[in-house]
There are 2 protein chains.
Amino acid sequence: MEVINTIKTASDQVFVDIRQAIVEGDIAQGSKISEAELAKCHGVSRATLREALNRLESCHLVERKANIGCRVVALTPDKLLEVYQVRTALEGLACRLAAENMTHNEISEVKALLNQHLSTQKVKQGESYYQEEGDLDFHYRIITGSKNSHLIHLLCNELYQLIRMFRVQMGMNGPRVSKAFDEHLAIINAIESKDGELAELLMKRHIGASGENIKSRFNLETVPA
Amino acid sequence: MEVINTIKTASDQVFVDIRQAIVEGDIAQGSKISEAELAKCHGVSRATLREALNRLESCHLVERKANIGCRVVALTPDKLLEVYQVRTALEGLACRLAAENMTHNEISEVKALLNQHLSTQKVKQGESYYQEEGDLDFHYRIITGSKNSHLIHLLCNELYQLIRMFRVQMGMNGPRVSKAFDEHLAIINAIESKDGELAELLMKRHIGASGENIKSRFNLETVPA
DNA sequence: AATCATTAAAGTGTCGACAATAAGTCGATT
DNA sequence: AATCGACTTATTGTCGACACTTTAATGATT
């Protein structure tokens with residue numbers, strides 16, 4: 001389900017490793033990154049590490065300032081809202097384009113995927129990891145189905161990991177699982193009917209619901225008893 | 001009107017210089033970039049130049065492949081369409097958010113800006129450069145008015161120069177000038193009325209018209225007599 | 001003559017060291 | 001005692017050289 005990203009160089013490997021460490025929370029949000037330290041830690045030179053840092057900056061996982069250094073992005077509620085607004089607009093577009101451009105075959109595959117999710121969900125009730133992967137997989141297929149390579153790159157390479165970081169570190173799972181399945185089904189049906197307008201609307205609503213879900217969780221955490 | 005981008009390091013300067021050369025067409029579309037050559041040409045080391053190339057890749061002006069090299073992006077009709085689809089979605093969102101978040105003062109400034117454009121346009125009929133700058137300035141203000149920093153960064157830092165490249169190298173100007181002014185006026189009025197939905201619709205239509213305009217130009221050029 | 005293997009050339013990826021900038025420490029001055 | 005300034009330290013920016021990969025040119029084989 002990962003975007004095909006063949007690792008050819010040392011900086012590729014370091015980039016992927018650090019990216020995962022940030023997404024999984026092994027490197028804390030907002031923490032400063034020491035080039036020398038991380039380079040030694042990963043067994044590469046600073047030049048190689050800096051190459052990796054540049055790419056991390058491209059996916060908005062770190063922020064650099066000249067002569068000052070590099071910090072892991074901090075997931076404030078504001079930033080969360082901002083990212084979800086952008087994501088909603090872009091995936092809404094992707095969904096509309098998918099209704100125009102997905103082949104019959106691709107649509108069938110997504111429907112098969114959903115059925116597979118359903119059975120997996122029944123077996124592993126409560127265990128949300130698969131569902132989360134499945135959700136991302138569903139979204140990934142719709143996005144690539146848009147056939148807009150610029151949009152695909154933007155979502156899959158530049159925004160995807162940031163969203164994953166949100167979800168992983170906030171432990172998104174739980175009550176939305178079954179609801180999400182129904183929403184996915186409605187979306188792929190709209191796409192199959194070539195109803196781009198409806199597909200876009202449903203996708204926006206679907207993502208908006210996730211956003212609201214996370215937001216409410218934020219409020220619960222920031223206002224404890 | 002440029003995004004505040006203080007040049008602090010040598011790679012900053014090289015980045016800005018090469019970016020302009022690409023946007024203005026001094027470096028041809030699709031041409032390969034030799035690191036050694038460009039580095040010598042700009043009087044810096046390859047490491048510094050590579051830093052600049054990384055940033056150029058972030059704004060989608062060049063494409064890199066491991067062990068192969070770096071090429072200036074080629075503006076095919078397909079790519080043009082893709083970028084305009086993304087731009088429409090994002091600036092539409094920006095416009096809706098601007099209707100929610102722009103202050104009365106900011107709105108007044110934009111209106112003053114438009115009046116200034118009108119007079120400039122009357123004086124310099126036919127000369128489209130100012131109008132083009134003005135158009136970008138207008139869009140820039142709406143975008144920043146959204147107050148969504150992620151969206152602002154995406155549009156102003158990662159997409160803006162690519163759009164500028166389109167316009168500069170295809171010599172966009174001409175018959176849409178006066179029409180664009182009216183559309184700008186309608187947009188800012190919708191924003192002033194806090195009608196985000198309408199503002200978004202108008203902006204999408206406005207950008208869509210530009211897109212169609214460029215597309216038809218493409219068709220004229222690709223199918224000569 | 002065409003194809004494939006070998007080899008030379010050019011270009012990118014990586015490294016360690018040096019230079020420049022920012023942050024922290026200490027002492028002098030008011 | 002507090003503030004400012006010079007100095008020290010730590011970190012980032014930049015450089016030139018080397019290693020590796022790709023590409024092409026060359027020559028051997030069928």
Side-chain angles (χ1 to χ4, degrees), chain A residues 3-22 27-74 153 157, chain B residues 3-22 26-74 157:
Chain A
V3 176
I4 307 97
N5 201 357
T6 314
I7 286 137
K8 289 197 168 183
T9 70
S11 62
D12 287 341
Q13 185 64 58
V14 175
F15 164 64
V16 171
D17 289 347
I18 299 179
R19 186 181 65 181
Q20 175 163 347
I22 291 177
I27 304 178
Q29 296 177 25
S31 63
K32 187 171 185 310
I33 286 181
S34 163
E35 294 184 0
E37 183 186 341
L38 254 191
K40 195 173 70 176
C41 172
H42 287 264
V44 295
S45 75
R46 270 185 58 226
T48 301
L49 182 104
R50 280 166 66 86
E51 182 81 25
L53 289 184
N54 277 320
R55 299 194 211 169
L56 289 169
E57 189 182 19
S58 292
C59 26
H60 312 281
L61 291 176
V62 305
E63 290 170 352
R64 302 185 87 178
K65 288 183 182 175
N67 283 313
I68 292 184
C70 197
R71 283 192 174 281
V72 178
V73 70
H153 183 267
N157 291 110
Chain B
V3 176
I4 307 99
N5 198 358
T6 314
I7 286 137
K8 289 195 168 182
T9 70
S11 62
D12 287 342
Q13 185 64 59
V14 174
F15 165 64
V16 171
D17 289 347
I18 299 180
R19 186 181 66 181
Q20 176 163 347
I22 290 177
D26 296 336
I27 303 179
Q29 296 177 27
S31 63
K32 188 171 187 310
I33 287 181
S34 163
E35 294 184 0
E37 183 186 342
L38 254 190
K40 196 173 71 176
C41 172
H42 286 263
V44 295
S45 77
R46 270 185 57 223
T48 302
L49 181 102
R50 281 166 65 86
E51 181 83 24
L53 289 185
N54 277 321
R55 298 194 213 169
L56 289 170
E57 190 181 18
S58 292
C59 12
H60 311 282
L61 290 177
V62 305
E63 290 169 354
R64 301 185 88 179
K65 288 183 181 175
N67 283 313
I68 291 186
C70 195
R71 283 193 173 280
V72 177
V73 71
N157 289 108

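It should be emphasised that the depicted structure is a prediction, and the values quoted were computed from it without experimental measurement.
- In this view, B:Glu37 satisfies the salt bridge (Lys or Arg N to Asp or Glu O under 4.0 Å) rule with no residue, not counting sequence neighbours.
- The salt bridge (Lys or Arg N to Asp or Glu O under 4.0 Å) check on B:Arg46 picks up B:Glu35, with sequence neighbours excluded.
- Closest contact between the side chain of B:Asn67 and the listed nucleotides C:dT21, D:dT14, D:dT22 involves D:dT22.
- Here the C1' atom of nucleotide C:dG11 and the CD1 atom of B:Ile68 are 11 Å apart, to the nearest Å.
- Looking at residues two or more places apart in sequence or on another chain, you find a side-chain hydrogen bond (donor to acceptor under 3.5 Å, both in side chains) between A:Gln29 and A:Gln169.
- Residue B:Ile7 contributes atom CD1, which lies 16 Å from atom C1' of D:dG13 at whole-angstrom precision.
- Taking for each of A:Ala66 and B:Lys65 the nucleotide of DNA chain C with the nearest heavy atom, the 5'-most of the two is the partner of B:Lys65.
- The ring-ring contact (aromatic ring centres under 6.0 Å, His included) contacts involving residues 29-60 of chain A comprise A:His60-B:His150, A:His60-B:His153, where partners must be two or more places apart or lie in separate chains.
- Taking CG of B:Leu53 as the reference point, atom CG of B:Leu49 lies at 4.5 Å (rounded to 0.5 Å).
- Put simply, CD on B:Gln13 is 16 Å from P on D:dG13, counting in whole angstrom units.
- When each of A:Lys8 and B:Ser11 is assigned the nucleotide of DNA chain D bearing its nearest heavy atom, the one mapping closer to the 5' terminus is B:Ser11.
- Of the residues in residues 29-53 of chain B, B:Lys32, B:Ile33, B:Glu35, B:Arg46, B:Arg50 come within less than 4.0 Å of DNA chain C through at least one heavy atom, sorted by number.
- Among residues two or more places apart in sequence or in another chain, the salt bridge (Lys or Arg N to Asp or Glu O under 4.0 Å) test is passed with B:Glu57 by none.
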